[in-house]
Amino acid sequence: AEPAAGDTIDPPAPDAARLLPAALLQPDELIILLIKPSAWFILLGCLRSLLVIALVAAALWGLAGTALGASLNRHDIGLFAVGCAGVRLFWQILEWLRSVYVLTDRRIVRVEGVLRINVFESALARIQHTSTTFNLRERLFALGSIHFATAGTAVPEASWNMVARPLEVHRIVVKTLERYR
């Protein structure tokens with residue numbers, strides 16, 4: 001049940017199941033692959049929000065001292081922008097901590113979310129199509145996303161986003177599908 005000799009993804013640690021909700025795995029289910037999104041997920045996942053915060057802060061900074069923004073204080077604008085960026089980064093860290101991708105000898109599982117936990121699971125036999133995509137920001141950091149479509153759908157129902165070494169991970173997924181389906 002281990003990946004083939006050419007695969008370089010490390011097998012999950014014995015206590016890796018602690019990352020999953022307690023009742024998610026069946027007692028005799030074998031974990032083939034257990035990964036998290038890359039740590040770049042933290043920065044890349046909130047990049048747009050951080051850019052918007054920076055643009056709004058820059059606009060307010062430019063208005064400070066003019067007749068239109070006479071009551072604006074540049075120090076307060078800076079503190080507010082840093083605070084907003086800090087809160088957004090903190091939330092993205094929580095999202096990263098709560099995201100887990102699992103491949104077992106029976107299923108594909110994705111667990112994500114902070115306040116609203118979203119669990120996707122599908123039997124390997126139902127997976128009809130997998131694909132790997134690399135958007136620009138992922139390519140810049142050697143990341144990719146793996147998508148899964150099940151029987152009866154033409155579009156992916158779930159994705160493992162911003163995965164490090166996506167081609168290796170995808171190869172392991174495909175080999176597992178061929179072996180256990």
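Heavy atoms only: backbone and side chains are in, while hydrogens, waters and symmetry mates are out. We count residues from 1, following the sequence as given.
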Report yes if some heavy atom in the side chain of Leu103 is under 4.5 Å from a heavy atom in the side chain of Leu124; otherwise report no. yes
Honestly curious: do Leu34 and Val119 fall in one hydrophobic cluster under the side-chain, below-4.5 Å linking rule? yes
Nearest 0.5 Å please: distance from the CD1 atom of Ile93 over to the CZ atom of Arg88. 10.5 Å
Name all residues meeting the side chain to side chain contact (heavy atoms under 4.5 Å, CB included) criterion together with Phe90; count only those two or more places apart in sequence or in a different chain, and write none if there are none. Leu94
Do Ser131 and His129 have side-chain heavy atoms sitting under 4.5 Å apart? yes
Nearest heavy-atom approach of Ser99 to Glu112 is OG-CB, 3.8 Å
Nearest heavy atoms of Val163 and Pro166, plus distance in Å: O-CD, 3.5 Å
Is there a donor-acceptor pair under 3.5 Å between the side chain of Gln92 and the backbone N or O of Leu89? no
Please confirm whether the backbone N or O of Arg106 pairs with a side-chain atom of Thr104, one donor and one acceptor, at under 3.5 Å? yes
Are Leu30 and Ile108 co-members of a hydrophobic cluster defined by side-chain heavy atoms under 4.5 Å apart? yes
Partners of Leu43 by side chain to side chain contact (heavy atoms under 4.5 Å, CB included), sequence neighbours excluded? Trp40, Leu50
In terms of hydrophobic clusters joined by side-chain contacts under 4.5 Å, are Val87 and Leu115 together? no
May I have all residue pairs that pass ring-ring contact (aromatic ring centres under 6.0 Å, His included) and include part of residues 149-176, sequence neighbours excluded? Tyr101-Trp160, Phe148-Trp160
Single-linkage hydrophobic cluster, 4.5 Å side-chain cutoff, Leu55 and Val82 together: no
Nearest heavy-atom neighbours spanning Phe120 and Ala158: CD2-CB, 3.3 Å
Nearest 0.5 angstrom please: Thr130 OG1 to Arg171 CZ, how far? 13.0 Å
Are Val111 and Val102 connected in a single hydrophobic cluster, I mean Ile/Leu/Val/Met/Phe/Trp/Tyr linked by side-chain heavy atoms less than 4.5 Å apart? yes
Could you grab the distance from atom CG of Leu60 to atom CG of Asp76, nearest 0.5 Å is fine? 11.5 Å
Return a table of donor-acceptor pairs under 3.5 angstrom between the side chains of residues 133-144 and protein atoms on other chains or two or more places apart.
{"from": "Thr133", "atom 1": "OG1", "to": "His147", "atom 2": "NE2", "distance (Å)": "2.7"}
{"from": "Asn135", "atom 1": "OD1", "to": "Arg137", "atom 2": "N", "distance (Å)": "3.3"}
{"from": "Asn135", "atom 1": "OD1", "to": "Glu138", "atom 2": "N", "distance (Å)": "2.9"}
{"from": "Arg137", "atom 1": "NH1", "to": "Leu44", "atom 2": "O", "distance (Å)": "2.7"}
{"from": "Glu138", "atom 1": "OE1", "to": "Asn135", "atom 2": "N", "distance (Å)": "3.2"}
{"from": "Glu138", "atom 1": "OE2", "to": "Ser145", "atom 2": "OG", "distance (Å)": "2.6"}

So, Trp91 versus Glu95: side-chain donor-acceptor pair below 3.5 Å or not? yes
Which heavy atom in Ile35 sits nearest to a heavy atom in Leu33, and how many Å separate them? CG2-CD1, 3.9 Å
Can you name the residues that form a side chain to side chain donor-acceptor pair (under 3.5 Å) with Trp61, not counting sequence neighbours? none
Gap separating the CD1 atom of Ile146 from the CZ atom of Arg110, nearest 0.5 angstrom: 13.0 Å
If you apply the rule side-chain contact (heavy atoms from CB on, under 4.5 Å), what do you find for Val174 with Ile172, and how did you get there? CA-CA 5 Å; Val174 169; Ile172 292 170; over 6 Å; no
Any non-hydrogen side-chain atom of Ile127 less than 4.5 Å from a side-chain atom of Ser122? yes
Roughly how far apart are Lys36 NZ and Arg98 CZ, rounded to 0.5 Å? 8.5 Å
Minimum heavy-atom separation for Ile77 and Ala64, please, with both atom names. CD1-CB, 4.1 Å
Under the rule for side chain to side chain donor-acceptor pair (under 3.5 Å), what residues qualify as partners of Glu121, not counting sequence neighbours? Arg107
CD1-OG1 distance between Ile32 and Thr176, expressed to the nearest 0.5 angstrom: 5.0 Å
